[in-house]
Protein chains: 2
Amino acid sequence: MLKISELSAQSGLSAHTLRFYEKHGLINASTRSEAGYRFYNEADVRRVEFVKTARNIGFSLDDIAQLLSIRVDKKSHSCQEVTDLTQHKLNEVNAKIEELQSMQQTLEILLDSCCGGPENATHCSIMEALDEGDIRDKARSNKK
Amino acid sequence: MLKISELSAQSGLSAHTLRFYEKHGLINASTRSEAGYRFYNEADVRRVEFVKTARNIGFSLDDIAQLLSIRVDKKSHSCQEVTDLTQHKLNEVNAKIEELQSMQQTLEILLDSCCGGPENATHCSIMEALDEGDIRDKARSNKK
DNA sequence: CTTGACCTTAGAGTCAACTCTAAGCTTATA
DNA sequence: TATAAGCTTAGAGTTGACTCTAAGGTCAAG
């Protein structure tokens, strides 16, 4: 049985974060001492690790809540539910990557166009491009 | 001279957002009517467009504030300052892309491993991978 | 028995970039 | 002249995931 500081040390999550996750229904200390101190057993620790792994992959806490509800009763849930969640996350990630790659392209074009030297910015091609808004013609739509 | 709603229509930014940008020192209406209504002249509009362009590229409002301070006095600033800002942003974008690509890989591996069918999740390989935390061995470190 | 480290809670603060609300003027139209 | 549309401000709310604070209870060591 681990106290919160011990679980914190072991998991790398702060005690604050562990309590925060508890408040949001993700994890729990299955026992409490008389004084109310949290005690985590092995199953609790495994659940925390599950959360950590899912979070590292990029799942939101809401996603993780769903995954956990599947985890505690696997018989009542299908593989499809799990892949749906995963696919949905992948779609989000892909969309974000595309958006960032568009920014990346634009920024590279800007950097290529400018000397970057110590001369004053009166004729800086980056400033000109921003002023004219014509970057869009080269690398389009970094919109939200 | 444009009223705020006209500039809003023209720029695609809401009147709320225009006031918000003003509050944060990014833009300004150079004139006000007797009653206090904002009126934007051509230079104001160009500044708003500059902000919009920079924001579309992915610059933060803080970055944009810096770019604007260069813009109003180009003679006192160097091309290097501009490229430094741009390079810094590009580095951020690149880092974010790498992080997301790592998530992407992991999610693809997970999806490949699971049947995604209507059978119950008792032996779902995604759930197992999350439980064992061993996804990290294949696709590493999606950390913040 | 005191010191200090650790634990508890409710609730506030942080970040970014908006987004919205309330309460009250102003302006244009019918 | 009345109504509706549009403008003003200060300030609060939103989102997500923490992060921290205050005020106080607990526990082990010396």
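So you know, we letter chains A, B, ... as the sequences are listed, proteins then strands, and number each from 1.
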Heavy atom of residues 60-69 of chain A under 4.0 Å from DNA chain C: which residues? none
Rounding to an integer number of Å, can you tell me how far B:I57 CD1 sits from C:dA17 P? 15 Å
Comparing A:K23 and B:R32 on DNA chain D - which has the more 5′ nearest nucleotide: B:R32
Here the distance between atom C1' of D:dC18 and atom CG of A:N56, to the nearest Å, is 15 Å
D:dT8 OP1/OP2 closer than 4.0 Å to side-chain N/O of B:R19: yes
Results of side-chain hydrogen bond (donor to acceptor under 3.5 Å, both in side chains) for B:D131 - residues two or more places apart only: A:R71
Rounded to whole angstroms, how far apart are CD on A:E6 and C1' on C:dC6? 11 Å
Heavy-atom contacts, protein to nucleotides 21-30 of chain C, under 4.0 Å, summarised as B (base), S (sugar-phosphate only) or - (none) per nt, yield B----BS---
Sequence neighbours excluded, which residues qualify as ring-ring contact (aromatic ring centres under 6.0 Å, His included) partners of A:H16? none
Sequence neighbours excluded - ring pair (Phe, Tyr, Trp, His ring centres under 6.0 Å) pairs with any residue from residues 36-55 of chain A: none
Can you check the A:L18 CG to D:dC20 P distance for me, whole Å? 14 Å
Over all strands shown, is B:F39 touching base, sugar-phosphate only, or nothing at heavy-atom distances under 4.0 angstrom? nothing
Measure the spacing between CG of B:L26 and OG1 of B:T17 and express it to the nearest 0.5 Å. 11.5 Å
Sequence neighbours left out, what passes side-chain contact (heavy atoms from CB on, under 4.5 Å) with A:S78? Give chain and number order. A:Q80, A:E81
How would you list, by chain and number, every residue that makes a side-chain hydrogen bond (donor to acceptor under 3.5 Å, both in side chains) with A:N94, sequence neighbours excluded? none
Could you tabulate the donor-acceptor pairs under 3.5 Å formed by side-chain atoms of residues 59-69 of chain B, not counting sequence neighbours?
from  : atom 1 : to    : atom 2 : distance (Å)
B:S60 : OG     : B:D62 : N      : 3.4
B:S60 : OG     : B:D63 : N      : 3.0
B:S60 : OG     : B:D63 : OD2    : 3.1
B:D63 : OD2    : B:S60 : N      : 3.1
B:S69 : OG     : B:Q66 : O      : 2.9

Report the nucleotide, chosen from D:dT9, D:dT19, C:dT8, that has the shortest atom-to-atom distance to any side-chain atom of A:R38. C:dT8
Who passes side-chain hydrogen bond (donor to acceptor under 3.5 Å, both in side chains) against A:S113, sequence neighbours left out? A:S125
